[in-house]
Undergrad: 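Handing you this structure, nothing more for now.
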Amino acid sequence: MMLVEYGRPLVMRERSPPVPRAGEIRVRIGACGVCRTDLHVVDGELPKVPLPLVPGHEIVGLIEEIGSGVTRLELGQRVGIPWLGHTCQQCAYCLSGRENLCDRPLFTGYTRDGGYATHAVADARYAFALPDGKPDPSLAPLLCAGLIGWRSLRMAGDAKCLGLYGFGAAAHIVAQVAKWEGRRIFAFTRGGDTDSQTFALRLGAEWAGASDQEPPEPLDAAIVYAPVGTLVPQALKAVRKGGRVVCAGIHMSNIPSFPYRLLWEERQVVSVANLTRDDGEGFFRLVPQMGIETKVSTYPLAEANRALADLRQGRVLGAAVLSM
Ligand SMILES: [Zn+2]
Ligand SMILES: [Zn+2]
């Protein structure tokens, strides 16, 4: 399913399976998650890249061909291919352990073809071996919602009382991880979205309310997943002195101006960009222990446009996933 024009529906095209070059693998895709970033890509809200393009960066598949020089993965192995598709390993960021900020990266489903397809080619060094025992669609959301969620949770430090703004694919995973780590969860959703609030409470949040409501006690940190700039001052209002607001999305509507007193007393606003392979390895090592249950709505590949529309309209509880 290809993006051939920004702002237009994806179109199905047939082409021969891509051939992996040296250092690459080709996977037969079992499932690919549908992420909010895909909406920003197809809407042209991120810096525009040449089209056509296959979106999708939460790929789960089996390796069916291996290019020369790949030693850490083998044929038939199940792997996940995330957003971070390649880094240069030469810039100051790569050399200082911050490859998520690489000056010359490639991103799956954005600057290289992604997983809204039956096959994908990837740089083998950036693919993750996946744990056994779960079907492909239930693992797909871990590749971005889980990984970026994981990184944003690390950015929240040791916050005990944690606010999550926007209770979608990422938050529903992070809530489970945070519970497992012994944190207390406060979930904020669009006003009147009682389905998401009930869902959050079922996943262990001790409070759920509308995003303009005050939590019952000050938060140590808040993570903003919804791409809505007005949530930043609201979250600042909800965190205590020295608290931190982590913006976890790749794109957000403008943040309105707000009184300095909301930032005063050493409150911080930070953003999270991409992931590193270390994040991924740390996360997937713990996945079997954490007992994460993803809630997914699956769609056939040909209905990728319907999946994107449902995500856009807020009709997806948990994560949307294309199942091939
Ligand atoms: Zn680099
Ligand atoms: Zn994503």
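Order of appearance sets the numbers: ligands from 1, and atoms from 1 within every ligand.
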Undergrad: Do NZ/NE/NH1/NH2 and the carboxylate oxygens of K48 and E5 come within less than 4.0 Å?
TA: no

Undergrad: List, by chain and then residue number, the residues other than Y93 in its hydrophobic cluster (Ile/Leu/Val/Met/Phe/Trp/Tyr, side-chain heavy atoms under 4.5 Å); write none if there are no others.
TA: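 Its cluster partners, ordered by chain and number, are L101.
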
Undergrad: Between F167 and H172, does the ring-ring contact (aromatic ring centres under 6.0 Å, His included) criterion hold? Intermediate values first, please.
TA: CA-CA 6 Å; F167 206 86; H172 103 284; 7.4 Å; no

Undergrad: Give every protein N, O or S atom lying under 2.8 Å from the Zn ion (ligand 2), naming each by residue and atom.
TA: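 Near the Zn ion (ligand 2), below 2.8 Å, one finds C35 SG, H57 NE2, C144 SG.
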
Undergrad: Do the rings of F107 and Y110 sit parallel, tilted or perpendicular, given the 30° and 60° boundaries?
TA: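 F107 and Y110: parallel rings.
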
Undergrad: Going by side-chain heavy atoms closer than 4.5 Å, which hydrophobic residues are tied to V296, directly or by a chain of links?
TA: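 Same cluster as V296: V321.
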
Undergrad: Taking the basic N atoms (NZ, or NE/NH1/NH2) and the acidic carboxylate oxygens, is any pair closer than 4.0 Å for D220 and K160?
TA: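 Result for this pair is no, no salt bridge flagged.
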
Undergrad: Please determine whether a side-chain nitrogen of the Lys or Arg among R183 and E206 lies less than 4.0 Å from a carboxylate oxygen of the Asp or Glu.
TA: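 Looking at E206 together with R183, the answer is no, because their closest N to O distance does not fall below 4.0 Å.
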
Undergrad: Is the distance between the ring centroids of W150 and F284 under 6.0 Å?
TA: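 No; F284 has its ring centre 6.0 Å or more from that of W150.
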
Undergrad: How about the Zn ion (ligand 1), which protein N, O or S atoms come within less than 2.8 Å?
TA: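 The answer is C88 SG, C91 SG, C94 SG, C102 SG.
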
Undergrad: For the pair W83 and Y126, evaluate ring-ring contact (aromatic ring centres under 6.0 Å, His included) and give the outcome as yes or no after the intermediate values.
TA: CA-CA 9 Å; W83 170 251; Y126 298 82; over 10 Å; no

